[in-house]
**Q** 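Take a look at the following structure, please.
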Amino acid sequence: MTTQPPWSLPKQQPEEPVLYVYNSLTRTKTKFVPTNERHVKWYNCGPTVYDASHLGHARNYVTQDILRRVMTDYFGYDVHFVMNITDIDDKIISRARQNHLIENFRSESNALTPELVDTVFEAWTIHVRDKVNKGLPSDQKVVEGSEEASWPKLSVLIQNAEWKQECLKRDEKFDMHFTAANRCLLAIRNARDQIQSGIKSVDEAHNLIDESKDILARTLDAKYKSTVTDPNISRSLASYWETKFFEDMARLNVREPDTVTRVTEFIPEIVDFIKRIMDNGFAYESEGSVYFNTIKFDNADDHNYAKLEPWSKGNRELLEDGEGSLANKTGRRSASDFALWKASKPGEPSWPSFWGPGRPGWHIECSVMASAIFGDNMDIHSGGIDLAFPHHDNEMAQSEAYHNCRAWVNYFWHTGHLHIEGLKMSKSLKNFITIDASCAGTGEILRKYTARQLRLAFLTQLWNAKVDFSESLMTGEVRNIEITMNNFFTVVKALVNQHRSDAIKSDGFHHYEALEQDLTKSFYEAQSAFRSALSDSFDTPVALNALRELVSKTNIYINSRGKHLNVALVENIARWVGQMLRMFGLGEGEKVELGWGQADQGAGNINREEVLTPYLRALSSFRDGVRQLAIAKNDTALKDILALCDKLRDVDLVPLGVALDDQDDGKALVKLVPPAELIKARDEKRAQQDAKASKKAASIEEERRKRIAKLEKGRTPPQDMFRNCPGYGSLDDEGIPRTDAEGQELSKNQAKKVQKQWQEQEKLHKAYLEWQKTLSP
RNA sequence: GAUCAUAUAGCUCAGUGGUUAGAGCUUCCUAGUGCAAUUGGGAUGGUCCCAGGUUCAAACCCUGGUAUGGUCACCA
């Protein structure tokens, strides 16, 4: 024979799953097809940098980071991930200007004077009339001149929860405005007292200004707005918060984008872009501003406006009727038209353009920057769900008007919003949580939870669903997963170490019997389940469950197999589980290590003496104890030795991060854990046990009462349950009501309901009779 | 006010008109140990929001009500 026998291509059975992802353009899961091989062009809407990042940002960027990691590290796409930074916009400008004005005002006020108090008081009255009034009922509105006089009355009214609720209905920020006003007024009164008693210090002046900052900023801004002309003021605010943003992202283990684009770096491109949209006939100029013509665009044959949320477009047009002349006032031809270029008012940062000095509108930046990097088409555009309309719809309209194309974006992925304990997060609801501890806020999330726990919380929810961030989610499910994984990896690592130290390469057995076959099968199944979950629109909750189930099965195997454990198989499983967790971005510590790593502060440079001494001291003192017992030859020696063993395990080794688990063969499994983690676990457990013990008697009694109450409910046989029961009239043979108290026949639903209740009672009664039998022999 | 959701176990939620409505967590019990521990096994727990209707059959479909939440062009 000189030729090889024929070979045939194997058939994949079952076939591997194909990636489908929920796409906002269809509001269904659509098959993911990149236009160019496995290259993926991905543009993500980044933050507007004017304030500290909050938990909502964390939700969005961590979730997108998860999707990005799955796409690159699991599915193996070559992703080019671009994110923009909005570093110029109305909010940045006004925030920077107000900060600047307050700063100036503060440094110019070098004594507490009646004039200063008057200025603050005037600002306070304006705040009360403009802001607090919004929430007040029309007959209780504060009129000019009577602000301070009406305050005592309002302070009493706000104690009334019902009244306050009504105000919040009228204006959801009422509480916030009221609190600010109250704080400010207290500071004003305090200042007056100080002046009375002759105190005029700078500190008191500054204190007054700090306490009334927000209120004062508004009036200062109204007065001196146009005097602030230095563009560096808003630029430095933006760059400050941009740095903070990336620091927060780094703490959250979010990968940096491949490309970061900033609006202020793309102004000439933006101007040219707008020019071409005008040339294509979809924009018009009015008093130095340029607007996009949504009506004309929507009416064009090959274009549609508001592809993502066409229903919102309808709302907008309805609203236009209500607003009437507003459209004319701002120079727009239709209320749905939006600004591409805004003429700058005096004091506002501006750039030259064909239409005079101005700055870009909000939506145009993303169109221009994405086009500059990706050209006339991209695979994925992502962002928070709240951006879908109008931002992304406007973006698409602009870009399609510019490129003269039908589809600028192929897939829109919108991440779901975050709620706190069932409510949306907002400053006015006072449940606002920032990411980093260094910024002021009601809460700082990284002080309370780790980046890993936060990411796990998001992984247990679908990326495009609403997340409810709650204490119970974090301390329940998340902590649970974390503990399960940590314990699993610790045990496997210890097993692997033990196995290596036994040093025999083979004991003459293959260790691949039915139990190992089963476990291997579970391993394969978990891998398949994991892949199909992620292919099904990144279903991370299901994927995580596949990992947890595999861990549970492996635990069962470890505990049932005893000495003849196939360590290699267990190690492979642990390695894969660890890799998948790291793939999600949950990794800590060294990558080569089995598992997902465990953060261990203070584990830096290794110094042999420092490392070994505490362990040797523990060992040595244990030896001392055993020796003394042996020398003393007491009757209780055996018991005392065991007590020493317990002390070594439960007291001395815990802070050293060593846990000992006894095994069948009499040799303990030595587990190495970060000490902090071990101490935490011990304390949590103790607290739980204490809590249980303290309420045990009460809860047992409670349980018993509940059980008996339920059984007692079955005392009445079903035939009698409706007798003498108000609300029902005549009964049939079995005691089921036919008519109500007035003799009217029961409605169908009613009849069905009593039937159901009757059957329920029959069951209860049966249980009751059984119970009675056990009571009387 | 307009509009859209949601309402199922103590909590978070699955549930496709058709057996006795499910899961995870919590709680309780339990195995393993000299004592612990990782871990395992089991049990408890339901007026499917209320009222009517459609259907042979409703947690599921329809109508009305109630409650909660979101959105209403600043938003991640």
Side-chain angles (χ1 to χ4, degrees), chain A residues 44-48 50 53-64 89-91 94 169-170 309 311-313 315-316 318-320 322-323 335-336 338 362 382-387 389-391 393-394 414-419 422-426 460-461 466 468 470-473 475-480 483-484 486-488 490-492 494 541 545 548 551-552 554-560 638-639 641-643 645-646 649-650 659-664 668-669 671 673 681-682 685 692 695-696 699-700 702-704 706-707 710 747-750 752-753 756-757 759-760 763:
Chain A
N44 174 28
C45 260
T48 303
Y50 69 98
S53 303
H54 54 69
L55 199 50
H57 292 113
R59 155 59 169 169
N60 182 40
Y61 296 110
V62 169
T63 303
Q64 297 212 35
D89 102 318
D90 291 1
K91 253 185 193 165
S94 75
K169 248 186 184 168
R170 280 182 286 266
E309 293 189 12
W311 52 91
S312 295
K313 172 182 70 176
N315 288 349
R316 193 177 248 229
L318 274 176
L319 243 141
E320 182 186 9
E323 286 179 15
S336 60
F338 52 90
W362 174 37
S382 60
I385 183 66
D386 49 306
L387 293 177
F389 186 90
H391 184 56
D393 268 324
N394 290 352
H414 285 117
T415 55
H417 252 200
L418 175 120
H419 290 225
L423 298 173
K424 69 169 176 174
M425 178 174 73
S426 73
T460 61
Q461 318 270 328
K466 189 187 89 178
D468 188 25
S470 63
E471 192 77 19
S472 73
L473 170 70
T475 54
E477 191 166 12
V478 166
R479 187 75 188 122
N480 229 301
I483 289 173
T484 305
N486 278 341
N487 287 341
F488 175 65
T490 305
V491 165
V492 175
N545 270 339
R548 292 164 83 178
V551 166
S552 176
T554 312
N555 278 329
I556 293 174
Y557 168 77
I558 292 172
N559 286 300
S560 64
L638 287 178
K639 224 177 125 193
I641 289 176
L642 283 177
C645 291
D646 289 353
R649 182 191 61 194
D650 301 331
L660 300 178
D661 285 7
D662 288 336
Q663 298 178 111
D664 289 347
L669 185 67
K671 303 194 294 192
V673 193
R682 185 188 63 181
K685 194 135 201 162
K692 243 185 221 174
K695 67 173 187 187
K696 183 148 190 173
S699 74
I700 285 178
E702 176 71 11
E703 285 282 313
R704 203 183 64 91
K706 258 163 97 179
R707 212 176 43 241
K710 177 148 192 203
S747 75
K748 242 179 183 181
N749 278 20
Q750 281 287 355
K752 225 162 1 191
K753 198 161 178 176
K756 218 168 158 182
Q757 283 173 350
Q759 280 164 1
E760 188 65 23
K763 255 194 274 178

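Within every chain, numbering begins at 1; the chains are lettered A, B, ... in the order of the sequence lines, protein sequences first and strands thereafter.
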**Q** Which nucleotide, in any strand shown, forms a Watson-Crick or G-U wobble pair with B:A73, with both distances under 3.5 Å?
**A** none

**Q** So does A:Ser747 get a side-chain nitrogen or oxygen closer than 4.0 Å to the phosphate oxygens (OP1/OP2) of B:G53?
**A** yes

**Q** A:Asn60 side chain: which of B:A76, B:C35, B:C11 is closest?
**A** B:A76

**Q** Side-chain N or O of A:Ser552 versus OP1/OP2 of B:G40: is the shortest distance under 4.0 Å?
**A**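 For B:G40, OP1/OP2 do have a side-chain N/O of A:Ser552 under 4.0 Å.
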
**Q** Show your working on salt bridge (Lys or Arg N to Asp or Glu O under 4.0 Å) between A:Glu760 and A:Lys753 and close with a plain yes or no.
**A** CA-CA 10 Å; A:Glu760 188 65 23; A:Lys753 198 161 178 176; over 6 Å; no

**Q** Reckon A:Ile556 touches a base, only the sugar-phosphate, or nothing at all at heavy-atom distances under 4.0 Å?
**A**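 Here A:Ile556 touches the backbone only, sparing every base.
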
**Q** Between A:Asp468 and A:Gly422, is there a donor-acceptor pair closer than 3.5 Å when you use the side chain of the first and the backbone of the second?
**A** yes

**Q** Please figure out whether A:Asn487 or A:Lys752 has its closest RNA chain B nucleotide nearer the 5' end.
**A**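 Between the two, 5'-proximity favours A:Asn487.
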
**Q** What's A:Lys424 touching, base or sugar-phosphate or nothing? Going by heavy atoms closer than 4.0 Å.
**A** sugar-phosphate

**Q** Can you tell me if the side-chain N/O atoms of A:Lys685 get under 4.0 Å from OP1 or OP2 in B:A36?
**A**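 Checking A:Lys685 against B:A36: no side-chain N or O falls below 4.0 Å of OP1 or OP2.
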
**Q** When we call it a touch if two heavy atoms are under 4.0 Å apart, what does A:Gln757 touch: a base, just sugar-phosphate, or nothing?
**A**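 Answer is nothing: A:Gln757 stays at 4.0 Å or more from every strand.
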
**Q** What is the separation between atom OH on A:Tyr557 and atom P on B:G41, rounded to the nearest whole Å?
**A**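 Atom OH in A:Tyr557 sits about 17 Å away from atom P in B:G41.
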
**Q** Within the 4.5 Å heavy-atom criterion, are A:Lys466 and A:His419 side-chain neighbours or not?
**A**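 Yes - at least one pair of side-chain heavy atoms lies under 4.5 Å apart.
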
**Q** Is there side-chain contact between A:Arg548 and A:Thr484, with at least one heavy-atom pair below 4.5 Å?
**A**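 Result no, sub-4.5 Å side-chain heavy-atom pair not found.
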
**Q** Within the modelled atom types, does a donor on one side and an acceptor on the other bring the side chain of A:Asp646 and the base of B:G34 under 3.5 Å apart?
**A**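 Per atom types, the contact qualifies.
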
**Q** Categorize A:His419 for me: base, sugar-phosphate, or nothing, with a 4.0 angstrom heavy-atom threshold over every strand shown.
**A** sugar-phosphate

**Q** Tell me if the side-chain of A:Arg649 makes a donor-acceptor pair with the base of B:C35, cut-off 3.5 Å, by modelled atom types.
**A**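 Check passes, donor-acceptor contact within cut-off.
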
**Q** With rounding to the closest Å, how many angstrom separate the P atoms on B:C61 and B:C72?
**A**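 After rounding to an integer number of Å, I get 28 Å for this pair.
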
**Q** Any heavy-atom pair between the side chains of A:Leu55 and A:Leu418 that's under 4.5 Å?
**A**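 A:Leu418 vs A:Leu55: side chains touch.
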
**Q** May I have the distance from A:Phe389 (atom CZ) to B:A73 (atom P), rounded to whole angstrom?
**A**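 Rounded to whole Å, this separation is 11 Å.
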
**Q** From NE2 of A:His417 over to P of B:G70, roughly how many Å is that when rounded to an integer?
**A**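 One finds 12 Å between P of B:G70 and NE2 of A:His417, rounded.
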
**Q** Watson-Crick or G-U wobble partner for B:U20, using a 3.5 Å limit on both distances?
**A** none

**Q** Quick check for you: among B:U47, B:A76, B:C11, whose closest atom lies nearest to any side-chain atom of A:Lys753?
**A**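 Nucleotide nearest to A:Lys753's side chain: B:U47.
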
**Q** Base, sugar-phosphate or nothing for A:Leu423? Non-hydrogen atoms, less than 4.0 Å.
**A**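 Touches sugar-phosphate only.
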
**Q** Determine the interplanar angle of the A:His54 and A:His57 rings, folded into 0 to 90°, and report it as parallel if under 30°, tilted if 30 to 60°, perpendicular if over 60°.
**A** tilted

**Q** Confirm from the modelled atom types if A:Asp662 and B:C35 form a donor-acceptor pair under 3.5 Å, side chain to base only.
**A** yes

**Q** Mind checking the P distance from B:U33 to B:A14? Whole angstroms is fine.
**A**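 Their P atoms lie roughly 43 Å apart.
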
**Q** Both distances under 3.5 Å, Watson-Crick or G-U wobble: report the partner of B:C61, or none.
**A** B:G53

**Q** What does B:G34 pair with, Watson-Crick or G-U, if both distances are under 3.5 Å?
**A** none

**Q** Looking for any heavy atom pair under 4.0 Å, which part of the strands does A:Asn555 touch: base, sugar-phosphate only, or nothing?
**A**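 Since only primed, P, OP1 and OP2 atoms lie under 4.0 Å of A:Asn555, the category is sugar-phosphate.
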
**Q** Which residue, A:Cys45 or A:Ser470, contacts RNA chain B at a nucleotide closer to its 5' end, judged by nearest heavy atom?
**A** A:Ser470

**Q** Have a look at A:Leu660 and say if it touches a base, only the backbone sugar-phosphate, or nothing, with a 4.0 Å heavy-atom cut-off.
**A** base

**Q** Which base, if any, makes a Watson-Crick or G-U wobble pair with B:A7, both distances under 3.5 Å?
**A** B:U66

**Q** Please determine if a side-chain N or O atom of A:Lys671 lies less than 4.0 Å away from the OP1 or OP2 oxygen of B:A37.
**A**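 No.
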
**Q** I need the CZ-C1' distance between A:Arg682 and B:A36, as an integer number of Å.
**A**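 Rounded to the whole Å, the gap is 13 Å.
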
**Q** Using Watson-Crick or G-U wobble geometry with both distances under 3.5 Å, which nucleotide pairs with B:A43?
**A** B:U27

**Q** For the C1' atoms, the ones on B:G15 and on B:C60, what distance do you get once it is rounded to whole angstrom?
**A**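 Pairwise C1' distance, B:G15 against B:C60, rounds to 9 Å.
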
**Q** Could you check how far CG of A:Asn480 sits from P of B:U38, rounded to whole Å?
**A** 12 Å

**Q** Which one, B:G40, B:C50, B:C74, comes nearest to the side chain of A:Lys91?
**A** B:C74

**Q** Could you state the atom-to-atom distance from NE2 of A:His391 to C1' of B:C72 in whole Å?
**A** 19 Å

**Q** Which heavy atom of A:Gly384 sits nearest a heavy atom of A:Thr415, and at what distance?
**A** CA-OG1, 3.5 Å

**Q** From C-beta outward on A:Tyr61, which listed nucleotide comes closest to its side chain: B:G53, B:C48, B:A76?
**A** B:A76

**Q** Checking the side chain of A:Asp393 only, and the main-chain atoms of A:Phe389 only, is there a donor and an acceptor separated by less than 3.5 Å?
**A** no

**Q** So, for A:Leu473 and A:Gln461, which heavy atoms are closest and what is the spacing to 0.1 Å?
**A** CD1-NE2, 3.7 Å

**Q** How far, in whole Å, is B:U44 from B:U39 if one measures between their C1' atoms?
**A** 23 Å

**Q** Hey, does A:Asp468 reach any base, or is it just sugar-phosphate, or nothing, if we go heavy atoms under 4.0 Å?
**A** nothing

**Q** Rounded to whole angstrom units, what separation is found between the CZ atom of A:Arg59 and the C1' atom of B:A76?
**A** 10 Å

**Q** For atom P, what is the distance between B:U47 and B:U8, given to the nearest Å?
**A**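 Looking at atom P only, B:U47 and B:U8 are 12 Å apart.
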
**Q** Which nucleotide in the list B:C75, B:A76, B:U54 gets nearest to the side chain of A:Lys748?
**A** B:U54

**Q** For nucleotides B:G46 and B:C13, find the distance between their C1' atoms and express it as a whole number of Å.
**A**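 These two C1' atoms come out 15 Å apart once rounded.
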
**Q** A:Asn394 CG to B:A73 P: how many Å, rounded?
**A**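 One finds 14 Å between P of B:A73 and CG of A:Asn394, rounded.
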
